[in-house]
Amino acid sequence: MRNVAVEGLKPGMRLALPIRCQVSYKILLNAGVVIKDSHIQRLREINPGGIYIETPEFSKHPAKELYNNAVTTMDKIFESFAEKTPVDMRLVRGTVRNVASYLNKESHVLMQLARLNNADSYSVSHCVNVCIYSLYMGSKLDLGKGDLNILGTGAVLHDIGKLGIPLNILRKPGGLTPDEYIMIKRHPLVGYDLLSQANVKEEVKDIVLQHHEYCDGSGYPLGLAGDEINYLAKIVAVSDVYDAVTTDRAYRPKMLPHEGMEILVANSSANKLDSRLVSTFLHGICMYPLGSTVRLNTGEVGKVINFLRNYPSRPFVAVKQNKSTKVVSLMEEPTIFISEIIDM
Ligand SMILES: [Fe+2]
């Protein structure tokens, strides 16, 4: 798929990812829609950013189908919780199983889909993204099948308690009042109670309850510290922060992968997030897949051709110059960095 600006849109192009309103996060145009003149006109007025169109190789990619199915299934599950109708937990377990087994085969496309799908902290896409990142970390940490199932289920349901918070508070672009903040901080408890009614395993509920706890004891709702916090909840906390900062918000654009990683490292230095888990994520994640087209802060455009395993944020980029190609090693050029991902 390819990232295009509104000006670059042409009738006949097909959307690879949905376009969302930057304020309400409602989907304006679904993935798969073929762009018409009328769409282009409307999109020019609202200039939503983050427009990804399909390229022939990507249109039938199995990771894309898996991702879309996961979002559709979890949408139904969230609806069942909201309407207090019976929840079919087999569907949740099936989604977790599918994501886990795909990550074993080919992780980077699924991880990139997670990063590119604009999602607010309430949306189902955010929960699917956090599930993908958490299972990826779980597999790197060699967790057994049972733990991976619990981790994935807890991750995909971690924010279910936000169903109990009014949307105008969840999506408030400015600062929250003290009362509103207290309400937001209740969502792990609300989630725990909701899952208790659906007969969900205690270990899964612990993840939901503790995903905002911090290692230094400054988190919520219980203020647990260090080893008091469930290990799997600590994994979900890392994934949750990464997805939150690499996603567009009403008040700021999404950060690039290496900027998101810096936020994780800062949180680990401050003893908020588990430093070993942040390190696992940092060294395992494929931030800029081979073949991605990126823009550098020098203005040059090139393709990612290689990276060192321990430094995925500073790859080698091949830049065309007249008739030759120069390779920029970001490891050796500390003042040069990636400023935009154009294509993957
Ligand atoms: Fe949360």
Side-chain angles (χ1 to χ4, degrees), residues 25 70-71 74-75 77-78 81-82 92 96 114-115 117-135 137-138 150-173 175-176 179-196 198 200 203-225 228-252 254-255 260 263-264 267 272-274 277-278 281:
Y25 284 93
V71 172
M74 291 312 298
D75 226 4
I77 297 292
F78 273 51
F81 273 109
V92 181
V96 170
R115 197 183 58 75
N117 253 289
N118 278 353
D120 68 357
S121 58
Y122 171 76
S123 76
V124 171
S125 304
H126 166 68
C127 294
V128 170
N129 296 350
V130 170
C131 177
I132 290 170
Y133 294 138
S134 299
L135 286 173
M137 285 173 72
I150 290 164
L151 172 64
T153 310
V156 84
L157 293 170
H158 76 282
D159 266 347
I160 194 80
K162 286 191 175 170
L163 287 173
I165 302 173
L167 274 184
N168 61 327
I169 296 179
L170 281 177
R171 292 178 176 158
K172 195 174 170 182
L176 296 170
D179 282 349
E180 288 168 343
Y181 192 47
I182 287 170
M183 207 182 280
I184 292 265
K185 282 167 73 172
R186 279 182 43 77
H187 79 270
L189 277 166
V190 175
Y192 185 91
D193 290 343
L194 270 175
L195 296 185
S196 299
V200 171
E203 296 101 309
V204 171
K205 291 194 289 181
D206 279 343
I207 295 175
V208 174
L209 181 65
Q210 298 180 26
H211 74 275
H212 282 292
E213 299 290 353
Y214 279 145
C215 296
D216 64 354
S218 65
Y220 60 87
L222 306 171
L224 303 176
E228 293 170 341
I229 307 170
N230 180 298
Y231 183 61
L232 303 181
K234 287 181 180 175
I235 296 177
V236 172
V238 173
S239 312
D240 189 20
V241 171
Y242 183 75
D243 191 59
V245 298
T246 54
T247 288
D248 277 322
R249 290 294 163 92
Y251 47 90
R252 58 144 178 82
K254 65 182 164 194
M255 293 181 182
I263 298 285
L264 292 187
N267 273 288
K272 306 259 181 221
L273 297 173
D274 186 296
L277 296 178
V278 168
F281 195 56

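In what follows, residues are counted from 1 in the order of the sequence shown. For ligands, and for the atoms within them, numbers begin at 1 and follow the listed sequence.
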- Show your reasoning for whether side-chain contact (heavy atoms from CB on, under 4.5 Å) applies to Y242 and N129. CA-CA 10 Å; Y242 183 75; N129 296 350; over 6 Å; no
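- For the Fe ion (ligand 1), the set of protein N/O/S atoms nearer than 2.8 Å consists of D159 OD1, H187 NE2, H211 NE2, H212 NE2, ordered by chain and number.
- Side-chain contact, H211 with N230: no donor N or O sits under 3.5 Å from an acceptor N or O.
- Annotation: the span from E213 atom CD to I229 atom CD1 amounts to 5.5 Å, rounded to 0.5 Å.
- Under the 3.5 Å distance criterion, the side-chain polar atoms of D75 are left unmatched by any main-chain donor or acceptor of V71.
- Side-chain N/O atoms of H158 and H212 include no donor and acceptor closer than 3.5 Å.
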(request) Begin from the C-alpha positions of V241 and I263 and carry the test side-chain contact (heavy atoms from CB on, under 4.5 Å) through to its verdict. (result) CA-CA 8 Å; V241 171; I263 298 285; 4.1 Å; yes
